[in-house]
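Naming: A, B, ... by sequence-line order, numbering from 1 per chain.
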There are 2 protein chains.
Amino acid sequence: MYKAPERILLGHGSGGRLSHDLIKHFILPAFANPVLSELHDGARLTIDGARLAFSTDSYVVKPRFFPGGDIGKLAVCGTVNDLAMCGAEPLYLSAGFIVEEGLPAGELQQIIASMQSAALAAGVAIVTGDTKVVEKGAVDGLYINTAGIGRILPGVDIDARRVKPGQTVIVSGYLGDHAIAVMSERHGLTLPAQIVSDCAPLNKLVRELLTAVPAAVTMLRDPTRGGLATTLNEIAADAGVGIILEENAVPVRPEVQAVCEILGFDPLYLANEGKVIVIVEKEYNEQVLAIMRQNALAGSACIIGTVTEKPPGQVALKTMVGGLRLVDMLAGEQLPRIC
Amino acid sequence: MYKAPERILLGHGSGGRLSHDLIKHFILPAFANPVLSELHDGARLTIDGARLAFSTDSYVVKPRFFPGGDIGKLAVCGTVNDLAMCGAEPLYLSAGFIVEEGLPAGELQQIIASMQSAALAAGVAIVTGDTKVVEKGAVDGLYINTAGIGRILPGVDIDARRVKPGQTVIVSGYLGDHAIAVMSERHGLTLPAQIVSDCAPLNKLVRELLTAVPAAVTMLRDPTRGGLATTLNEIAADAGVGIILEENAVPVRPEVQAVCEILGFDPLYLANEGKVIVIVEKEYNEQVLAIMRQNALAGSACIIGTVTEKPPGQVALKTMVGGLRLVDMLAGEQLPRIC
């Protein structure tokens, strides 16, 4: 049985087990409605015959600028990607700024320019917004919320309930770049130049895939907070299936792996902002990989695992030495050994 | 010519002149697109034939609980009202929480319950959301963003460009209750029990009006941050018309007026969260007033002014002694004399 917490902890925002339980047992019952209960990256709605996706996220990343991006680029790409994961073409975004009194206006301007440039790259328009300014100390610089509306692509039905044993788990590229880029900037680490955030809009990749083979794809998710392990756990639980990953197939750059070993991180739990997990009917494996690899954002797409009957609701890793170990959701926060 | 600020000031979030200029000269040019440029409470979009409204707002009210409401009720009613002001029936909301580590979970639960109760009252569903937890001190307790989607009512066209000289300005009731309720709670003032926030969902009132006389109404706005004066200035500027208010017709409770006199506030600039300004074709005056007064939220609806040719883009107040004085947007922040 779920025991409600007395106070909200940092781990409740980690995207892992604590977040999952808070949302499932604390927030969902209050807002109970069938659309919300799907617990996907966004809601799927039909209004006057139009099939829409609707999603929101708040962005609180620290530092606001990091190798490969900034909070503005993240705020646009993050919501664009959440809509794409619903099988939708993102169309319109809102932008809500909460600004700390005294923020240099030039910094705000730079972040806004970065949002607009990301919006152009993704082909979406920022059509409505809100700006609040709070007293010095009442917010840490700048937080941004974006919400977005997309049109669900014709013939597409992305739904965890369609995930069945025998299907294939594909990931679009190397894991952990975003988390390591942000973490290193936060702690002033000097990293190899190859490690930059993968923050990017995935909607064109998703559209190419779903237009070419709409029936092939049963599930799409971007492994952001909580990483690959947490996201696959959510899919396994929602679908009532097992997922077995091949450890030596999971793509992690040697530089990222090295940083993980120094800091004590597991790349399976690191956040990504430009990667997608695609679950496909087995007979489409080669076709899906070929389509993905033609897109610059998924040149290293590869098969990392299989959907199985057992263990139901769980994810297991077949290790390089042939063992099988259960991989749970992220439990709390991954903390670097250095702090 | 607009001179960009060096730093963002509290006044940039006041909803008055500084906010208006920041958005118009700093944010809009960056995100330039025709939908955003309408600068209404929300965007109007057409997707696959469905006429939609889309709006967002972040809620940072302090204290989080005040007479007549709390931040959760406000977050739902505020976005419901922004959609209603676009002539839309609000349908779906998103909710983004930014929570400070250590917030008592019971308080979050109470606020979520309040959101759900406001959503039920308004007839909308909260269908997607996001929860971020930030370190102690990185946010002042709890901020909430809501975004919303609504269906624009058939035959309805709410647009500042339809506001013409000769039309009538109606307000749905007493002004300033919300601002005074929040301010008094913040500063520990003891107020007459009659003063509670007017925070309420206005969508049913708007639907009744627009269903009965869709052609009568040219403009709807809720006078929140910046108050009646700022909102009317925005309408006058967008429409290129003048607006003349009758000072003795503007409804302010004697208790609110008394507090204003003590604190040095002008009720014309006080925020409301459950009032609507309706601009109507003159021949419908009585019909519109009769419809509004049947709704409990607009029992005191009354005519407060007229749209004129001159002064174009400005608002003037015909004072009780017969003079005419210009009423500008709120310049910075209204600060109580006590602090």
Could you please spell out the steps behind the side-chain contact (heavy atoms from CB on, under 4.5 Å) verdict for Asp140(A) and Glu135(B)? CA-CA 10 Å; Asp140(A) 188 2; Glu135(B) 286 156 38; over 6 Å; no

Chain A: which of Ala30(B), Ser58(B), Gly13(B) shares the most heavy-atom pairs with it under 4.5 Å? Ser58(B)

Using non-hydrogen atoms only, which part of Gln109(A) is less than 4.5 Å away from chain B: side chain, backbone, both, or neither? both

Counting heavy-atom pairs under 4.5 angstrom with chain B, the leader among Ser117(A), Gly102(A), Pro5(A), Ala113(A) is Gly102(A)

Against chain A, work out which of Arg151(B), His12(B), Met115(B) has the most heavy-atom pairs shorter than 4.5 Å and name it. Arg151(B)

Which bit of Ala119(A) comes within less than 4.5 Å of chain B, counting heavy atoms only: side chain, backbone, both or neither? neither

Contacting moiety of Val139(A), where chain B heavy atoms sit under 4.5 Å: both

Main-chain N/O of Ile126(A) paired with Asn33(B) side-chain donor or acceptor, under 3.5 Å: yes

Let me know if Leu142(A) has heavy atoms under 4.5 Å from chain B in its side chain, its backbone, both or neither. neither

Say you draw a straight line from CD1 of Ile98(B) to CG of Asn145(A); how long is it, rounded to the nearest 0.5 Å? 7.0 Å

With a 4.5 angstrom heavy-atom cut-off, which part of Lys62(A) approaches chain B: side chain, backbone, both or neither? side chain

Using a cut-off of under 4.5 Å on heavy-atom pairs, state which of Glu6(B), Glu107(B), Glu100(B), Arg225(B) scores highest against chain A. Arg225(B)

The interface call for Leu52(A) against chain B, heavy-atom contacts under 4.5 Å, is side chain

Comparing Ala147(B), Ala138(B), Ala50(B) against chain A, the one with the most heavy-atom pairs below 4.5 Å turns out to be Ala138(B)

Under 4.5 Å, counting heavy-atom pairs only, tell me which of Asp57(A), Thr146(A), Val60(A), Leu108(A) racks up the most with chain B. Asp57(A)

Under a 4.0 Å N-O cut-off, is there an ion pair linking Asp48(A) with Arg51(B)? no

Measure the OH-NZ distance between Tyr59(B) and Lys132(A) for me, rounded to the nearest 0.5 Å. 6.5 Å

Is Val134(A) close to chain B through its backbone or its side chain, or both, or neither, when contacts mean heavy atoms under 4.5 Å? both

Any sub-3.5 Å donor-acceptor pair from Asp130(B)'s side-chain atoms to Thr56(A)'s backbone N or O? no

Contact class of Leu9(A) relative to chain B, heavy atoms under 4.5 angstrom: backbone

Against chain A, work out which of Pro104(B), Gly106(B), Ser19(B) has the most heavy-atom pairs shorter than 4.5 Å and name it. Pro104(B)

Tell me, side chain or backbone of Ile112(B) under 4.5 Å from chain A's heavy atoms, or both, or neither? both

If you look at every heavy atom in Phe54(A) and Thr128(B), which pair is closest and at what distance? O-CG2, 3.6 Å

Is the Phe97(B) ring parallel, tilted or perpendicular to the Phe31(A) ring (thresholds 30°, 60°)? parallel

At a heavy-atom distance under 4.5 Å, which candidate from Val99(B), Leu45(B), Leu91(B), Leu22(B) has the highest pair count against chain A? Leu45(B)

Between Glu101(B) and Arg7(A), is the closest basic N to carboxylate O distance under 4.0 Å? no

Is the closest side-chain heavy-atom distance between Thr131(B) and Ile27(A) below 4.5 Å? yes

